[in-house]
There are 2 protein chains.
Amino acid sequence: MKQQDVFKALADPTRRAILKRLQGGALTAGEIGAAFEITGASLSHHFTVLKQADLVRTERRGQYIVYSLNSTVVEDLARVLFDLFPARGGRTGDKS
Amino acid sequence: MKQQDVFKALADPTRRAILKRLQGGALTAGEIGAAFEITGASLSHHFTVLKQADLVRTERRGQYIVYSLNSTVVEDLARVLFDLFPARGGRTGDKS
DNA sequence: GCAGTAATTAGAAATTTATCTAATTATCTA
DNA sequence: TAGATAATTAGATAAATTTCTAATTACTGC
């Protein structure tokens, strides 16, 4: 896991929206792109960043390329975050 | 919590290093800066970004300004992440 | 092989971000 | 109050990022 790549990938709102779209299951590049105003070329750039961070996986299916979420990275990321912030017992939900 | 501000703040390696330095407890701007090559002005910019993301808190103590970690934000961030990635039972540590 | 569709890659323009030097603000001490 | 120290703010430059159009690659089906 390249920490820097993951953080940079998550820093862009369009890329986070892509990840959210993939929650419902794998989608082709075109299906993902339908939800955004930007061009396919720009989308493709974002896919590259997400792939480099290992946040998504791709698989060619004939004419299409199918994207899916790589959930295992969230575990790595969780480790990094708990390393970045001091432990506090693990309770959550009392702030807001 | 402004999600975008937090992600953007964490996207820079210098800022993550600042957060790590603060793990040991509160430090003055100068003490933090001693560990980095960049100028105080640049550091100050990073502090601004971290403050805007509510990741650090500041307090003036006489001539000094003391920075400390705001751990509560990690809880908000955890929520965002678990929202961004599908739930997977909650176990961690089996991937390497 | 050729036309059509899906997606990426190439190259450039516009925006944002990180960094610098110089100037300013705030505080301490004599 | 004046000089020294800590830190920020202002303004500029350099580097990185996002986005675009145009061209290219990969596959389908005739």
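Lettering of chains follows the sequences in order, A, B, ..., and the numbering in each one begins at 1.
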Next on the checklist: Is there, by distance only and without an angle test, a donor paired with an acceptor across the side chain of A:Gln63 and the base of C:dT5 below 3.5 Å?
Outcome noted: yes

Item to check | Student check: side-chain heavy atoms of B:Asp54 and B:Asp5 closer than 4.5 Å | outcome: no

Item to check | Nearest heavy atoms of B:Gln4 and A:Arg16, plus distance in Å | outcome: OE1-NH2, 2.7 Å

Next on the checklist: For a quick test of reading the model, state the closest non-hydrogen atom pair linking B:Arg57 to B:Asn70 and the distance between them.
Outcome noted: NH2-ND2, 3.1 Å

Using a cut-off of 4.0 Å on non-hydrogen atoms, how would the nucleic acid contact of [X] be classed: base, sugar-phosphate, or nothing?
X	answer
A:Phe36	nothing
B:His46	sugar-phosphate
B:Ala29	sugar-phosphate
A:Gly30	sugar-phosphate
A:Arg15	sugar-phosphate

Atom pair distance, as rounded to whole Å: [atom1] in [X] and [atom2] in [N]:
X	N	atom1	atom2	result
B:Ile18	C:dA18	CD1	P	11 Å
A:Ile32	C:dA6	CD1	C1'	13 Å
B:Ile65	D:dT9	CD1	P	8 Å
A:Gln52	C:dT8	CD	C1'	15 Å
A:Arg61	D:dA26	CZ	C1'	17 Å
A:Arg60	D:dA26	CZ	P	8 Å
B:Leu43	D:dT9	CG	P	13 Å
B:Phe7	D:dT18	CZ	C1'	19 Å

Checklist outcome for this item: Note: for B:His45 and B:Ala41 on DNA chain C, the residue whose nearest nucleotide lies more 5' is B:His45

Checklist outcome for this item: In this structure, CD1 of A:Ile32 is separated from CG of A:Leu22 (nearest 0.5 Å) by 4.5 Å

Checklist entry - If you measure from CG on A:Leu27 to CD1 on A:Ile65, what distance do you get to the nearest 0.5 Å? => result 14.0 Å

Next on the checklist: Looking at B:Glu59 and B:Arg61, is there a salt bridge between them, counting it only when a charged N and a carboxylate O are closer than 4.0 Å?
Outcome noted: yes

Just N and O in the side chain of [X]: are any of them under 4.0 Å from OP1 or OP2 of [N]?
X	N	result
B:Thr28	D:dA6	no
A:Thr39	D:dC20	yes
A:Tyr67	C:dA6	no

Checklist outcome for this item: Per nearest nucleotide of DNA chain D, the residue lying toward the 5' end, B:Val66 or A:Thr14, is B:Val66

Next on the checklist: I want to confirm an ordering. Mapping A:Ile38 and B:Ser42 to their closest nucleotides on DNA chain D, which one lands closer to the 5' end?
Outcome noted: B:Ser42

Checklist entry - With respect to the side chain of A:Ser44, which nucleotide from C:dT8, C:dA6, D:dA6 is positioned closest? => result C:dT8

Checklist entry - Watson-Crick or G-U wobble partner for C:dA30, using a 3.5 Å limit on both distances? => result D:dT1

